[in-house]
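Written below as structure tokens is the structure these notes are about.
Naming: A, B, ... by sequence-line order, numbering from 1 per chain. Small disclaimer: the values here were computed from a predicted structure and weren't measured.
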Amino acid sequence: MQAAETANMDISDMVAMDELVALCKRRGFIFPASEIYGGINGFWDFGPLGVLLKNNLRDRWWNDMVVCPPIGPDGAPLQIVGVDTAIIQNPKVWEASGHVAGFNDPMVDCKETKQRFRADHLKVYFPDELIPSTHQPLNPLIEHVENLFSKEEFLLSAQSLEELLDVHKRIIKKNNWTFKDGCWTQMVSQLTPEQLKKVWAPGASKSGTLTEPKQFNLMFKTYVGATATEDDKAYLRPETAQGIFLNYKNVVDNMRVKVPFGIAQIGKAFRNEVTPRNFIYRSREFEQMEMEWFCHADEAKKWLEFWKEQRLNWWKAVGVESDNLIFRQHDQDELSHYAKEGYGTVDIEYRFPFTAPGYGELEGIAHRCDFDLTAHQTHSKTKLEYFDDSVQPPRRFMPHVIEPASGLTRGVLVLLAEAYTADPSRPSKMYMKFKPSMAPVKAAVLPLVNKDGLPEIAQKLYYEMRAQFATEYDTKGNIGKRYARHDEIGTPFCVTIDTDTPNDQAATIRFRDTMAQERVALDKISEFVRKSLKE
RNA sequence: GCGGGUGUAGCUCAGUGGUAGAGCGUCAGCUUCCCAAGCUGAAUGUCGCGGGUUCAAAUCCCGUCGCCCGCUCCA
């Protein structure tokens, strides 16, 4: 998240997270996982309405990616196929992909300042006065810099300038120091425990306040086979993308696809987040919607631009206000291990209630280069290059990959936050302004009173509608209560059967957003709702 | 992991040593001709858990766990 450009929208209009969380529980969208046992941090269950909402978003993505992919820049439909791969794969997959190494973040804590650092981000350096003049100019850098050895200690081991230089060189060599940003630096993660004790942490009053690096492995470990020995170790996938790369060859060999083409997948992924936070925003079990677009390296940039626009428009199409969405280019030093060499990663960020007025990541569109396919080719010793005979002369190359990867779980949170609309004038004080196509319940059929032949008419209509889209039938309480409940769950249309209905064969449709009513013939109501779902 | 906050009914919360409460919601019934109306009735809690002090603990003390917020990480 970051301080973004000023917003047009009044932030005070934004729903408070605790209100949203309370609504989600009260109305059956999202519950804390294993709540009756006290819950479990970082896991959430989708309730009856939540799963409807999630499936609507998921199905829309699948439809727009796989069933009916976008039209490409040349006017022809893109070619994208789907897969659904295993959550557990051969553990070598995650070594090849870089996740065993890259998802293993060593962290150190400062006992004095209570700050936590990534040991591989925290640098140690020689202070200016200890650096021989041959290495000048040397400016202190970066925020997180402190000296490794005390001045006295260093001078003790060096009798002359010659010797000083020599000791210096030996230390540099022995410790894998690098010369960067005008200074000799080394990552804290590479220090021995003895060296670590001499490090002066940022903001601390003395040296030696850092704890030894603790491994934070973000991958869930499990065991395949009932004996569960270390040899049976396996991982739950931290991203669905690798399942796609693993099947790239199968798809190319069997599915008559030609580069450029895409493979899409929706599925659960698991990460032992250091700190799960913000409701379902960062949970340890979550669902991804990922598409890997395979293309020639020369065209990667073009496709990155294409997918950026496509994806932003898609989020708008499912009902997200453009004011709440921005692009954010990743800085070079925050790029993932797979995106270093390419055109980088662009995030689509949303102004979540807990990030406002800043934004939080919703979807990443990354240029993964040929990192994954090359890695798997090397590790698996299987040739993964693509042979292209559609050009003259024919060529052989490793496709590059553009990856629009979004969080379905995060998408649900976006739809919820986006839909929550305060309205003090109505009994419920708020309503959920879902786009009709995303709303968990599309319509409710409500007999104004539960007698005088009204239920019979209403039920007939209900049976007709429920066969086409999610419809509820409700006779409970007075009509105001029923409208209020449907405002809270975001039902866009309430169809009310009144005492005129037996005579005129029509009923009123009550619109959620305006509370206005319109009388429509009974036999036109289904069609009316169906049409609105296509918008 | 560290720091701060918090834990009482499905939800929001009151209750600071003396028989566990309110509003809303839920359920049953009456009523009800368009926005949580009205009436009657009902269910729901070992007050997060464990220990201690006390004649007596939701309340005081100690411990522990969950959740929320901040820091590091991510879709």
Side-chain angles (χ1 to χ4, degrees), chain A residues 17-19 21-28 31-32 34-35 37-42 102-122 144 211 214 216-218 238-241 268-284 286-290 334 336 345 347-350 354 360-366 403-411 413-414 425-429 446-452 454 476-488 494 496-501 507-508 510 512 515-517:
Chain A
M17 273 316 276
D18 49 359
E19 279 177 49
V21 174
L23 176 85
C24 281
K25 182 169 182 193
R26 183 156 45 90
R27 286 305 178 194
F31 305 124
S34 36
E35 193 186 14
Y37 287 98
I40 176 166
N41 199 4
F103 254 49
N104 226 334
D105 297 334
M107 311 285 259
V108 292
D109 293 318
C110 175
K111 284 179 272 195
E112 182 181 326
T113 65
K114 307 300 181 194
Q115 280 186 286
R116 167 174 289 177
F117 306 97
R118 269 186 68 163
D120 55 349
H121 282 180
L122 191 62
H144 297 153
T211 62
K214 241 170 283 179
F216 280 70
N217 196 326
L218 298 188
E239 63 172 18
T240 57
K268 287 279 179 88
F270 304 82
R271 292 181 192 177
N272 252 323
E273 297 293 347
V274 178
T275 313
R277 271 301 146 79
N278 292 324
F279 199 29
I280 58 173
Y281 179 75
R282 189 189 300 151
S283 46
R284 289 183 165 141
F286 60 102
E287 208 159 348
Q288 290 185 309
M289 309 186 288
E290 298 197 292
E334 64 176 315
S336 316
T345 298
D347 285 342
I348 297 176
E349 298 197 328
Y350 177 75
F354 48 83
E361 185 173 356
L362 168 63
E363 170 158 350
I365 301 153
E403 175 200 72
S406 52
L408 172 56
T409 323
R410 279 188 185 175
L413 181 56
V414 167
S425 74
R426 57 178 82 197
S428 53
K429 308 294 180 212
L446 315 171
L448 191 54
V449 293
N450 198 18
K451 60 181 183 185
D452 300 336
L454 267 44
K476 185 105 196 89
N478 64 64
I479 194 69
K481 285 193 175 194
R482 284 177 276 169
Y483 285 156
R485 178 174 168 271
H486 282 287
D487 277 348
E488 281 198 335
C494 287
T496 303
I497 311 299
D498 57 34
T499 43
D500 290 337
T501 304
T508 56
R510 181 262 194 190
R512 175 196 63 199
M515 297 193 285
Q517 296 182 7

Applying a 4.0 Å non-hydrogen cut-off, can you work out what [X] is touching in the nucleic acid: base, sugar-phosphate, or nothing?
X	answer
Thr409(A)	nothing
Thr240(A)	nothing
Leu362(A)	sugar-phosphate
Glu287(A)	nothing
Asp500(A)	nothing

Options [options], nucleotide nearest the side-chain atoms of [X]:
X	options	value
Glu488(A)	G10(B), A75(B), A36(B)	A36(B)
Ser283(A)	A75(B), C11(B), C33(B)	A75(B)
Glu361(A)	A75(B), C35(B), G10(B)	A75(B)
Pro427(A)	C35(B), G10(B), C33(B)	C35(B)
Arg410(A)	A75(B), C34(B), U32(B)	A75(B)
Thr508(A)	U32(B), C35(B), C34(B)	C34(B)

Exercise. Please report the closest heavy-atom contact between Ile280(A) and Thr409(A), naming both atoms and the distance.
Key: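 Closest approach of Ile280(A) to Thr409(A), heavy atoms only: CD1-O, 3.4 Å.
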
With rounding to whole Å, what would you report as the distance between [N] and [M] at their [atom1] atoms?
N	M	atom1	value
G1(B)	U53(B)	P	32 Å
G38(B)	C33(B)	P	16 Å
G41(B)	U31(B)	C1'	15 Å
C67(B)	C55(B)	C1'	36 Å
A20(B)	C47(B)	C1'	8 Å
A58(B)	C71(B)	P	38 Å
C30(B)	U44(B)	C1'	24 Å
G25(B)	G18(B)	C1'	32 Å

Taking a pair as Watson-Crick or G-U wobble with both distances under 3.5 Å, which nucleotide is matched to [N]?
N	result
U54(B)	none
A14(B)	none
C49(B)	G63(B)
A20(B)	none
A9(B)	none
G29(B)	C39(B)
G3(B)	C69(B)

Using whole Å, report how far [atom1] of [X] lies from [atom2] of [N].
X	N	atom1	atom2	value
Glu19(A)	C13(B)	CD	P	10 Å
Ile497(A)	U32(B)	CD1	P	20 Å
Asn478(A)	U31(B)	CG	C1'	10 Å
Leu454(A)	C33(B)	CG	P	11 Å
Phe31(A)	C11(B)	CZ	C1'	12 Å
Asp452(A)	C33(B)	CG	P	9 Å
Arg426(A)	C35(B)	CZ	P	14 Å
Phe279(A)	A75(B)	CZ	P	21 Å

Is a donor on one side and an acceptor on the other found under 3.5 Å between the side chain of [X] and the backbone of [Y]?
X	Y	value
Asn478(A)	Gly480(A)	yes
Glu290(A)	Ala241(A)	yes
Arg482(A)	Leu448(A)	yes

Any N or O donor-acceptor pair linking the side chain of [X] to the base of [N] at under 3.5 Å?
X	N	answer
Asp498(A)	C34(B)	yes
Glu349(A)	A75(B)	no
Arg482(A)	C35(B)	no

- Should Lys451(A) be listed as having a side-chain N or O under 4.0 Å from OP1 or OP2 of U32(B)?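 Lys451(A) to U32(B) OP1/OP2: side-chain N or O found under 4.0 Å.
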
Does Asn278(A) put a side-chain nitrogen or oxygen below 4.0 Å from OP1 or OP2 of C69(B)?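 Looking at the OP1 and OP2 atoms of C69(B), one of them is under 4.0 Å from a side-chain N or O of Asn278(A).
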
Check your understanding: Does the side-chain ring of Phe286(A) lie flat on the base of A75(B), meaning centres under 5.5 Å and planes less than 30 degrees apart?
Key ->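 Stack criterion met.
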
Residue list, ring pair (Phe, Tyr, Trp, His ring centres under 6.0 Å) with Tyr281(A), at least two apart or on another chain: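 Per chain and number, Tyr281(A) pairs via ring pair (Phe, Tyr, Trp, His ring centres under 6.0 Å) with Phe352(A), Phe354(A).
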
For Lys429(A), which residues count as a side chain to side chain donor-acceptor pair (under 3.5 Å) partner, sequence neighbours excluded?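 Per chain and number, Lys429(A) pairs via side chain to side chain donor-acceptor pair (under 3.5 Å) with no residue.
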
In Å and rounded to the nearest 0.5 Å, what is the CZ to CG distance from Arg410(A) to Asn278(A)?
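So the gap between those two atoms works out to 9.5 Å.
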
Say you draw a straight line from CG of Asp487(A) to CZ of Arg512(A); how long is it, rounded to the nearest 0.5 Å?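 These two atoms lie 8.0 Å from each other.
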
Any protein N or O atoms within reach of nucleotides 26-30 of chain B? Criterion: under 3.5 Å, listing atom names and distances.
| unit_1 | atom_1 | unit_2 | atom_2 | d |
| --- | --- | --- | --- | --- |
| A28(B) | OP2 | Lys476(A) | NZ | 3.4 |

